[in-house]
Amino acid sequence: QSLLIKDANIKYIQAIAEGSNGDIWFGTYQNGLWIYNTALGKLTKVHLKNKLGEPITDTRTIYKDRNNRMWVSTTLGIFLLNTNGKVLDFYDVSTDEIVTDISQSIVEDKLGNLWVAVNGRGVFKVLLDNPNIQSSNWYYVNVEDSTDSKHNYNIIQMATDTSGNMWMITRSGSLLSVNSQNNQLTSFRRHEILSGYILASIQISIDNKVWLGSNKGLLKFDVVKNTVELYNPTDGFQNDYVRRSSFKDEKGKFYFGGS
C-alpha cells in the first residue's frame, strides 16, 4: 500500500512518525508540524508556540514513546504531545536549563528511559519515573573525548539494541555506543574497520547488527565478529546517504534515505 500526499504546506520534510492511531506526523523545515489523518484523508497543522507566543517553523525530529506520547523537537524547544496533538508539556530553549538548543534525536531504551541529544549540551538520560514530566530526573551522559577538540560531538541520530546499548552517530560522522545501565562509553571513532566512512544514519536489527548509512554505501556492522559488509550501487543500493534519514517500522523493516 502506498500513500501520496500532495500539499505545498509540507515541503522540506525533516521528520516522519506514526501515531498510535495510525495517523502520520510530519515535521517540516519552514512550516512546523502537521498530522495526516489516514482514516479521513485530512491534513491538519498543529499550531505550536513557545511561551512568548512565537510560532514553531523548524521541526527537527518526532519520536513516539511506549506510552504513545509524541516528543517533537523544534528550534524553540521540545514539545510533548498526546496522540491527538494536544500539548502536554514544553521545554523552552529560552528558559530551560538543559534544553538550551535544538535536539536532533530522541530515543527510548528498553528500560523506559528517554535519551535526548541536545546540540551544544550533550546527551541526557531522562528517568520517566514521575507523572509530572517536568519533575523527571535528567542525567548528563558524557559521550565526548576531551582530547579531540576538532570532532563535532553533537549527536544527529540514536538507536537502541536489545542488549541495552544506545548507539549514536556524531555530527562529524563517527559511531559511539553507551551502555544504558552504567553509561559506559565505547567509541568507534578510530576503529580501523570503520575508517574511511563518514556515517550519516543508523538503525539496529533484532539480532543487534548495526546498520549505517554512509558516504560510500550502506554498512552492516557485526560488533561481535568485528566485520563490516558494504552494500553499494553494484548491489542495487545508493552510495551517499542523507544525515538522520533512516527509520525502522514496527515489523523491523528499515528505510534509509539517500541523495
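Computed from a predicted structure; not experimentally measured.
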What I want to check is whether the side chains of [X] and [Y] have a donor and an acceptor closer together than 3.5 Å.
X    : Y    : result
N137 : K125 : no
S163 : N165 : no
T83  : S20  : yes
N84  : N82  : no
T160 : D109 : no
Q157 : S246 : yes

*asked:* Does V46 form a side chain to side chain contact (heavy atoms under 4.5 Å, CB included) with I56? I'd like the steps, not just the answer.
replied: CA-CA 10 Å; V46 181; I56 303 301; over 6 Å; no

*Report the C-alpha separation of I106 and I78 in whole Å, then their side-chain angles, then the decisive distance to 0.1 Å, and conclude whether the side chain to side chain contact (heavy atoms under 4.5 Å, CB included) test is met.*
CA-CA 10 Å; I106 301 173; I78 298 176; 4.2 Å; yes

So, taking the atom named [atom1] in [X] and the one named [atom2] in [Y], what distance separates them when rounded to the nearest 0.5 Å?
X    : Y    : atom1 : atom2 : value
L212 : F256 : CG    : CZ    : 7.0 Å
M166 : I155 : CE    : CD1   : 11.0 Å
N113 : L127 : CG    : CG    : 5.0 Å
M70  : L88  : CE    : CG    : 11.5 Å
D92  : E54  : CG    : CD    : 8.5 Å
W71  : D65  : CH2   : CG    : 7.0 Å

*Parallel under 30°, tilted from 30 to 60°, perpendicular over 60°: which one fits the rings of F237 and Y231?*
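Tilted: the ring planes of F237 and Y231 meet at 30° to 60°.
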
Where [X] and [Y] come nearest, the two heavy atoms and their spacing:
X    : Y    : answer
A159 : I204 : CB-CG1, 3.7 Å
M158 : W115 : CE-O, 3.3 Å
V99  : V118 : CA-CG1, 4.3 Å
D101 : N119 : CB-O, 3.2 Å
V93  : T75  : CG2-O, 3.8 Å
I102 : T74  : CG1-O, 3.4 Å

Do you reckon [X] sits in the same ILVMFWY cluster as [Y], going by side-chain contacts under 4.5 Å, direct or chained?
X    : Y    : answer
I202 : V143 : no
L80  : V126 : yes
Y153 : V107 : yes
M168 : L199 : no
Y241 : Y255 : no

Could you tell me whether the side chain of [X] and the main chain of [Y] form a donor-acceptor pair under 3.5 Å?
X    : Y    : answer
N67  : R69  : no
S103 : A117 : yes
N226 : V223 : no
R244 : R60  : yes
S245 : V242 : no
T61  : S105 : no

Between [X] and [Y], does at least one N-O distance fall below 4.0 Å, as a salt bridge requires?
X    : Y    : result
R66  : E108 : yes
D148 : R189 : yes
K251 : D249 : no
K209 : D161 : no

Would you check if [X] and [Y] make a side-chain contact, meaning some heavy-atom pair closer than 4.5 Å?
X    : Y    : answer
Y29  : T57  : no
N50  : F90  : yes
N232 : D235 : yes
Y63  : W25  : no
F124 : Y139 : no
N152 : T170 : no
I16  : I62  : no
N154 : Q104 : no

*CD1/I206: more than 12 non-hydrogen atoms of other groups inside 6.0 Å*: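 No, because the 6.0 Å sphere around CD1 of I206 holds 12 heavy atoms or fewer from other groups.
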
Show the atom names and distances, to 0.1 Å, of all donor-acceptor pairs under 3.5 Å that link a side chain in residues 215-222 to residues at least two apart or in another chain.
| from | atom 1 | to | atom 2 | distance (Å) |
| --- | --- | --- | --- | --- |
| N215 | OD1 | I198 | N | 2.9 |
| K216 | NZ | G196 | O | 3.0 |
| D222 | OD1 | V224 | N | 3.1 |
| D222 | OD1 | K225 | N | 2.9 |

_Qualifying residue for side-chain hydrogen bond (donor to acceptor under 3.5 Å, both in side chains) with Q14, from T59, T28, D58_ =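 Checked T59, T28, D58 against Q14; only one passes side-chain hydrogen bond (donor to acceptor under 3.5 Å, both in side chains): D58.
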
*Would you please test F188 and W167 for ring pair (Phe, Tyr, Trp, His ring centres under 6.0 Å) and show each step?*
CA-CA 11 Å; F188 297 86; W167 294 82; 5.5 Å; yes

*Derivation and outcome, side chain to side chain contact (heavy atoms under 4.5 Å, CB included), residues K86 and L81*: CA-CA 5 Å; K86 179 182 178 182; L81 300 93; over 6 Å; no

_side chain to side chain contact (heavy atoms under 4.5 Å, CB included) assessment of Y36 paired with F26_ = CA-CA 8 Å; Y36 180 77; F26 296 97; 3.8 Å; yes

